[in-house]
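Below, chains carry the letters A, B, ... as their sequence lines are ordered, and counting in each starts from 1.
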Amino acid sequence: MRPLVLGLWSGLTFQTRQMTRSVDSYFALVGAPFHTVVFLSMVLYSGRTDLASYTVIAPTLMTLWTAALMFSGEMISEDRENGRLEPLVASPLSFPALVFGRLCGAMLISVPAFVLAIGVAGVFFGHWVTVHHPVVFVLAAVTTALSTAATATALSALFIVAPGARIVQNTLSMPMFLLSGVMVPVALFPGWLEGLSRVLYLSWGADLMRDALAPGPVESAAFRLAMVVLLGALALAFGSATLVRFLRRARAEGTLSRV
Amino acid sequence: MCALEITQLRRVYRRRGGEESEALRGIDLEVTRGEVHGLLGPNGAGKTTLCKIISTVLLPTSGTVRVLGHDVVTDSARVKESLGIVFGGDKGAYDRLTARQNLAFWAGAYGLTGARRRRRVDELLERVGLKGRAEERVGSFSRGMKQRLHLARGLVRDPGVLILDEPTVGMDPVAAHDFRALVGELRGNGTTILMTTHDMAEAAALSDRVSLIDQGRLVLTESPDTVGRLVSSYERVDAGNVPDPLRERLAAMPGVVSVRRVGRAVTRVETDDPDATLAVLRELVEAGIGDVSRSTPDLEEVYLHLVGRRGMAVDG
């Protein structure tokens, strides 16, 4: 238990500190205001002002996923290239927990993304978002961010086990945005596609966050939160097992420090 | 009691194409608690491989390694708790963070929190001479300063056993002197240290015992005094303008280890027997060679005798 706590806490505190010192950690934020402008313009042009609140959720979740892809692709490789992987593995902390902790820290980037999206919608379009179900919204946002970190842990394991996968890293964004209903609500998809999207934690998280902004009651909030957590936990279990297997193989082959 | 017990340790690397290279070939070594043990060897001898196996970052092919009684393979969690590691080179730090932040991260990784962590970080920064640069980004540090930081990282948990892999590479003479003083302090505190180095003088000055490793085998493990006696058993005679026929006669004499040119006109004759040295001197004087001097080789030359002269060749 101690290695897990050490890894998680060290990773979280380290990443937040690291992010205050490196501007490039915030590259994922650049798209948020522009996406808000595009989505909100489309919604207002088509006269669907009832969907206006949705347009601040999309840029927030897109930033979250972009950051997840960015950090999961770089984190372990950078440690390996800079001679840090061996001392990290030789320390008492759990390495998968460290990676997950760092990615949880990286997910804090969604907070300024949300603020930016709300600000753009309010200042430039006069549309100020109201959160009608704040408790559900906060719970949905936190569990979605944690599940994104968990999924990014699985991706980081995948990228380190199969370095070739990093080539397609950037192409993973658009399918994820579409399938998870971040840009278009899943309920508007054809039936077969909706079934597929329900395998993704982000579709549950995005729907729940949008519903929390609407004035009507939020149906089955506990079940939907549980689905976000369950799918995130599965991704974390896969990522941790893959990382442990990678470390074992690298220690056996002597390739831990080899890039 | 043993701090480090290494038994029949072998490590084989498999390269692409199936070719195998044996980095460690049945190493047996015991290091007692509180001992400072120097491990000497050329590049590719197996020093770093041995350190990595002890540090749990590399698995042995066969054999066992125990750190304070804990097996590095089956009980690696306990080994990690009691081990401090300083790998060589200037890599290994987070360049965008300050020295203090780096150390705070590693102290956290070893379970220190709150005021205890802050105190320990302050102590270590002071101890390795980085207190005045504690708030600067490590990316701006020289190689020697990064080495000091690595040393501090290895000490965050007050380890029972400290592995130092080429710790003074890149340090300036003043920093290297401070490092030696620090090792002396750690020895006084009862820390067991295994230190790899190329520097014979450093190994002799700091170590209770010295092991010479070559091509994955331990050539010898002795105290620096014994190694010193070994040094004194070798002698060398330098002579100017020795003609080739005389060089050939000298090379054939019993007790002569080698005859080689060390300068344009200087021939060096190395012996492993004082009687042979006298015979060589007599032969040179009788041949009319007046430019003759006699001396003992340093540890490095003895080391070269033991492991052979392979020049810059690195073992595969």
How far does [atom1] of [X] sit from [atom2] of [Y], to the nearest 0.5 angstrom?
X      : Y      : atom1 : atom2 : result
B:N102 : A:R17  : CG    : CZ    : 10.5 Å
B:R14  : A:E253 : CZ    : CD    : 9.5 Å
A:L85  : B:K91  : CG    : NZ    : 12.0 Å

Show every donor-acceptor pair shorter than 3.5 Å between a side-chain atom in residues 86-102 of chain A and any protein atom, with sequence neighbours excluded, or say none if there are none.
unit_1	atom_1	unit_2	atom_2	d
A:E86	OE2	A:S257	OG	3.4
A:E86	OE2	B:K52	NZ	3.1
A:S91	OG	A:L88	O	2.7
A:S94	OG	A:A97	N	3.2
A:R102	NE	A:Q15	OE1	2.8
A:R102	NH1	A:D79	OD2	3.4
A:R102	NH2	A:Q15	OE1	3.1

Looking at A:F124, I want to see if its CZ is surrounded by more than 12 non-hydrogen atoms of other residues, nucleotides or ligands under 6.0 Å. no
Applying a heavy-atom distance below 4.5 Å, give me the residues of residues 103-114 of chain B that approach chain A, sorted by number. B:A104, B:F105, B:W106, B:G108, B:A109, B:Y110, B:G111
Contacts of residues 58-82 of chain B with chain A (heavy atom under 4.5 Å): B:L58, B:L59, B:V72, B:K80, B:E81
A:F114: which residues meet the ring-ring contact (aromatic ring centres under 6.0 Å, His included) condition with it, sequence neighbours left out? A:F137
For the residue pair A:R251 and B:R11, what are the closest heavy atoms and their distance?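 Looking at all heavy atoms of both residues, the closest pair is O-NH1, 3.7 Å.
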